Amino acid sequence: MTEVTQSPPDSANEPSGYDPAVVEKKWQTQWEERGTNHTDLDGGARPFYALMMFPYPSAEGLHVGNLFAFTGNDIYGRFQRLQGHTVFEPIGFDAFGIHSENYALKVGINPAELIPRNIANFRRQLKSAGLMIDWRHELSTTDPAYYKWTQWIFLELYKRKLAYRGRAAVNWCPKDKTVLANEQVIAGACERCGTKVEQRFLEQWFFRITEYAERLLANLDWIDWSESTTTAQRNWIGRSDGAEIVFRVQDLLEMAGAATVGLNVMATTAELNALATDIKVFTTRPDTIFGAMYLVLAPEHPLVDALTTDEQRAEVGAYRATAAKQDLVTRKVSKEKTGVFTGAYAINPATGHPIPIWIADYVLMEYGTGAIMAVPGHDERDFEFAKVFGLPIVRVVAPRTAHAAHVDSQNRDEHPPLEEPYLDTENAHLVHSRQFNGFSVEDAKHAIVAWLAEHGHAKRIVNYRLHDWCVSRQRYWGPPIPIIYCDKCGHVPVPESDLPVELPNVDDFRPDDSGISPLARVESWYRVPCPQCGAPARRETDVSDTFLDSAWYFLRYPSSDLPDRPFDSRMTKKWLPVNSYIGGNEHAVLHLLYSRFVTMVLHDAGHLEFEEPYAKFRAHGMIIREGAKMSKSRGNVVNPDEYIERWGADSFRTYLMFLGPYEEGGDFRDQSIAGVRRFLDRLWASTQDARRKGEPEEAVMRKLHQTIRKVSDDIPRLQYNTAIAAMMEYMNVLRAKERTPHVDEVRSLVQLVSPFAPHIAEELWERLGGRGSIFDAGWPTFDPTLAAEELVTIAVQVNGKLRGTVRLAPDMGQEDAVTAALADPGIAKFVLGPPKKVVYKPGRILSLSV
RNA sequence: GCGGGAGUGGCGGAACUGGCAGACGCGCUGGACUUAGGAUCCAGUGCCCGAAAGGGCUUCGGGGUUCAAAUCCCCGCUUCCGCACCA
């Protein structure tokens, strides 16, 4: 439990009489009874869809980070409503997945039982926070009526040949005999039993997201998203322009015998021939081909067996075995270069010289072709490797200097041996590269690929870092993948009429040593007839990735009750794409990329008219606590319940928005909430005290209109902290000493506060005689003439130093301004003669140089 | 290593397009009201010199551009986040 150090004011002695507990309860009830937060999806004009990333309903309850995100979205949504939009602000629960399953395993209760409890708790907490949610459209990804359509989406991808079976590495615990997620691997060992984890290859389902890489990348140029997020996506997609270069293996005939024996049984003869002849490498530096001194293949490269000579076979085998034993996490961490020579040679197509073929785990099978040409002179990793194994290092790129341009670049002495790889490509030219000597790196890339292409040795190619999306999970708590395996028909999709494939409610959902997925033990469930031929067949026993559940939930909200289709086309046309999406940057890549991909596929399949799901996305910042990151182990996690109880939801919300710039986050400090609470106390008091007699004061009204302008400008830009500061500033004017505010001075302030502190705003609105909900009363308009100042204060600088200020009309001319400034003795004493130079910006500054 | 941010009082943070640095809030100091104050109200609060008037200094450090720089340019330092042997 977190200790809340500061107590709220004791309401008995509270002069303003503001009791948030009473006010908030009252209005939450009223909203529910009157349906204030219900959205007229059918008839509402000017639809505005304000989406927040739905939470995973953990047993700990709502995290303050969730509330930070939701409140920011709620303010935005309420503001849009006050501007005359019909706003839809739905919520749901992302309740499938490894988190729930692991927690269920820990406490020994089936997740199907736990999740509804957690959701009930979340619902209570969300309601206590005063969010403008239309609860009639709540959804949970674990509801069969929802995941029926998650499965339907899988089949849509399958139909379009975008879902396929492939082998992929997983973390495997040999003791528990189970697959582990990356986060369950701690320092290379199973988090449950401490056994060293191995990598294993399993047949899994993949989505061909790489086919969409170019579109996913291109659209980033026009969607209105936080730049940090689009940058993260660009990096993740990782487009590289380069070339595929073919190296012919030497003494091919001799090796053919070895190939047939050694190669994987999966390979057909045709594949074998193609593979055994050539090694394809991907490079972004085809210009350095004359410096390619050796080839390196990934240890699991399918050609390795075929290439390896008898003398090297034992060593190669041992190296591959070690590499395979390494888990996926530690393999990426270890940096020292290791490797083994296969005994084989390939021909460098540029030089015609034979170069050795090595295997090493610094080459990854997953990227490019799983093989590289090593250019130790111009690549850090290759350089390091060459140093370790004493391989030759040759320079083929050299700095372009005025001197070097005129000498014979073939002259070796001109360029001493490399102490480190030479990486500059800007002011450099080629050397030791025959007819390409003197070419710039850029020109050489094109020229060399074109030259090699004449003999079929190379082609330009684009490579992506993005991999296909592996959607299989060897787990219990997820939607079963809707596929059936039949001996005769192969894999057969479950007919749409048979959806959903319901997750069986089993007592024993624990992984044990019997097999891979817990569902593989439920024979009564997985044994089914083949939908095509009727022969006995078997269901897929893996479930799909949680990211698939969340990749389409925003499509379901407006059609949440639709039984026979995933979403209604009319509703979808009216409400989508989402107008505003707010969420954390932890989802900058996976969730946001996957949902874009699924949307594009559904668009191509004719189900959607748009191909980008979120017109606008803004990433909010992270909150820390008293300067430190919040974590369970530190015990410094903010529990929203406690703060809402002690300070009220309105104060808590407003404080969250005040503690820092929304898109950057900030430091949550217990002591500081008091300031926001005081502000609301004073707002309450101002309304109670307000006089109806007489006229509002002109200067105060001027400040009010300036405040309306500021708040109206700040909210759409999510600059909530400065909007609140502006309202506080106005409050200070309103309640300057000995002053009784006029109702007209207060009413608009209550409206400005309403998106931040909705309960107190409703209450005060009612007390001021407002009819109906304040959220149906519109937004105060700002009158520029009322906000304009008659006189403005202008700073006067002499030789760049501030020497005083003068009050001037905003449109006063330069001469008059100088005269007015010099009339001030405090300024005049620094100006002895006539000023040498005068810079005057009306309404801003007067700068004199003497 | 690569990519993206950020460095401003005791603290969280303001500052539009280069134009009065420190808005707003916390904390702190003094006062009023009080049996009391961890409530409320009033005043003060960047640092240094000075009794004051006044003056000097100040936005991570160092240079530069400009009448004028937290803001623009160059060099360096620190720090947070993401990706990480991606050829």
Side-chain angles (χ1 to χ4, degrees), chain A residues 5-16 227-229 231-232 234-236 238 240 242 281-285 288 296 331-337 360-364 366-375 379-382 384-385 463-467 585-586 588-589 621-622 624 626-627 629 655 658-661 664 666-676 678-679 681-682 685 713 719 721-729 731-732 735 737-738 793-805 826 835-841 843-850:
Chain A
T5 53
Q6 187 99 359
S7 299
D10 181 350
S11 58
N13 291 331
E14 172 49 53
S16 76
E227 210 177 304
S228 57
T229 312
T231 305
R234 275 194 195 95
N235 293 342
W236 187 265
S240 291
V281 305
F282 174 71
T283 179
T284 53
R285 295 291 307 276
T288 60
V296 188
R331 169 162 174 187
K332 291 194 171 180
V333 172
S334 69
K335 289 269 178 195
E336 334 75 86
K337 296 283 175 292
D361 67 1
Y362 82 93
V363 174
L364 308 174
E366 310 90 78
Y367 185 78
T369 59
I372 60 153
M373 64 177 208
V375 184
D379 180 281
E380 282 179 316
R381 297 149 302 178
D382 297 341
E384 208 184 309
F385 189 83
N463 224 305
Y464 300 93
R465 235 170 112 138
L466 180 71
H467 292 4
N585 238 344
E586 69 273 17
V589 177
M622 241 187 32
I624 54 173
E626 312 280 351
K629 209 172 168 172
Y655 175 60
F658 184 61
L659 55 70
E664 283 163 42
D667 193 0
F668 188 101
R669 303 173 75 246
D670 280 9
Q671 277 187 327
S672 298
I673 309 176
V676 169
R678 271 198 274 274
F679 168 67
D681 277 330
R682 292 170 50 155
D713 283 351
Q719 288 165 7
N721 57 333
T722 52
I724 295 164
M727 291 189 281
M728 288 173 163
E729 228 177 295
M731 175 68 78
N732 290 339
R735 291 185 68 79
K737 66 172 170 183
E738 310 290 311
T793 307
I794 294 203
V796 181
Q797 293 181 345
V798 180
N799 287 344
K801 279 190 201 250
L802 181 71
R803 294 304 181 181
T805 59
K836 276 189 211 138
K837 181 168 183 180
V838 178
V839 176
Y840 175 59
K841 300 264 170 112
R844 297 200 162 203
I845 195 114
L846 176 63
S847 179
L848 306 171
S849 306
V850 294

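Because the structure is a prediction, the values reported are computed rather than measured. Each chain gets a letter, A, B and so on, in the order the sequences are listed, and its residues count up from 1.
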Go ahead and name the base partner of [N]; Watson-Crick or wobble counts if both distances stay under 3.5 Å, otherwise write none.
N: B:C16; result: none
N: B:U40; result: B:A32
N: B:U45; result: B:G27
N: B:G9; result: none
N: B:A51; result: none
N: B:C85; result: none
N: B:U59; result: none

Is any side-chain nitrogen or oxygen of [X] closer than 4.0 Å to OP1 or OP2 of [N]?
X: A:N721; N: B:G12; result: no
X: A:R669; N: B:G10; result: no
X: A:K801; N: B:C57; result: yes
X: A:K841; N: B:G19; result: no
X: A:N585; N: B:G4; result: no
X: A:R803; N: B:C20; result: no

If you round to the nearest 0.5 Å, how far is [atom2] of [Y] from [atom1] of [X]?
X: A:M728; Y: A:F658; atom1: CE; atom2: CZ; value: 4.0 Å
X: A:N732; Y: A:E729; atom1: CG; atom2: CD; value: 7.5 Å
X: A:N799; Y: A:K836; atom1: CG; atom2: NZ; value: 7.5 Å
X: A:E336; Y: A:D361; atom1: CD; atom2: CG; value: 9.0 Å
X: A:I673; Y: A:R678; atom1: CD1; atom2: CZ; value: 12.0 Å

Given [options], identify the nucleotide with an atom nearest to the side chain of [X].
X: A:S228; options: B:G12, B:G4, B:A87; result: B:G4
X: A:R465; options: B:C20, B:A84, B:C81; result: B:A84
X: A:T722; options: B:C41, B:G25, B:A15; result: B:A15
X: A:A725; options: B:G3, B:C24, B:A21; result: B:C24
X: A:R678; options: B:C81, B:G13, B:U40; result: B:U40
X: A:S672; options: B:C26, B:C20, B:C85; result: B:C26
X: A:Y367; options: B:A87, B:C24, B:C26; result: B:A87
X: A:I845; options: B:A87, B:C81, B:C20; result: B:C20

For [X], which contact category applies under a 4.0 Å heavy-atom criterion: base, sugar-phosphate, or nothing?
X: A:N463; answer: nothing
X: A:T231; answer: sugar-phosphate
X: A:S847; answer: base
X: A:S240; answer: sugar-phosphate
X: A:Q797; answer: base
X: A:R234; answer: nothing
X: A:N799; answer: nothing

Q. For the residue pair A:Y655 and A:F668, is the inter-centroid distance of their aromatic rings smaller than 6.0 Å?
A. yes
Rounding to an integer number of angstrom, what distance separates [N] and [M] when you compare their [atom1] atoms?
N: B:G1; M: B:G76; atom1: P; result: 13 Å
N: B:C57; M: B:G9; atom1: C1'; result: 14 Å
N: B:G46; M: B:A21; atom1: P; result: 14 Å
N: B:C80; M: B:G27; atom1: P; result: 29 Å
N: B:C2; M: B:C75; atom1: P; result: 15 Å
N: B:G13; M: B:A84; atom1: P; result: 29 Å
N: B:A69; M: B:G63; atom1: C1'; result: 14 Å
N: B:U59; M: B:A68; atom1: C1'; result: 16 Å

Q: Report yes or no: is there a donor-acceptor pair, N or O only, under 3.5 Å between the side chain of A:K337 and the base of B:C85?
A: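 A donor-acceptor contact between them is present.
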Any side-chain to backbone donor/acceptor pair from [X] onto [Y]? Under 3.5 Å, distance only.
X: A:D382; Y: A:V375; result: yes
X: A:E626; Y: A:D670; result: yes
X: A:D667; Y: A:G627; result: yes

Whole-Å distance separating the [atom1] atom of [X] from the [atom2] atom of [N]:
X: A:I673; N: B:G25; atom1: CD1; atom2: C1'; value: 13 Å
X: A:E586; N: B:G4; atom1: CD; atom2: C1'; value: 16 Å
X: A:R844; N: B:C67; atom1: CZ; atom2: P; value: 19 Å
X: A:N235; N: B:G4; atom1: CG; atom2: P; value: 8 Å
X: A:D670; N: B:C11; atom1: CG; atom2: C1'; value: 14 Å
X: A:L466; N: B:A84; atom1: CG; atom2: P; value: 13 Å
X: A:N732; N: B:A43; atom1: CG; atom2: C1'; value: 14 Å
X: A:D667; N: B:G7; atom1: CG; atom2: P; value: 15 Å

Q) Does A:G675 or A:M373 map to a spot on RNA chain B nearer the 5' end, using the closest nucleotide for each? A)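 Nearest-nucleotide comparison on RNA chain B picks A:G675.
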Q. Hey, which of these two, A:G660 or A:V796, hits RNA chain B nearer its 5' end, going by closest nucleotide?
A. A:G660
Q.
Does A:K337 qualify as a cation-pi partner of A:F385, given the criterion of NZ or CZ under 6.0 Å from the six-membered ring centre and within 45 degrees of its axis?
A. no
**Q.** Chi-angle category of B:G9 [syn within 90° of 0, anti beyond]
**A.**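 The base of B:G9 is oriented syn (glycosidic angle within 90° of 0).
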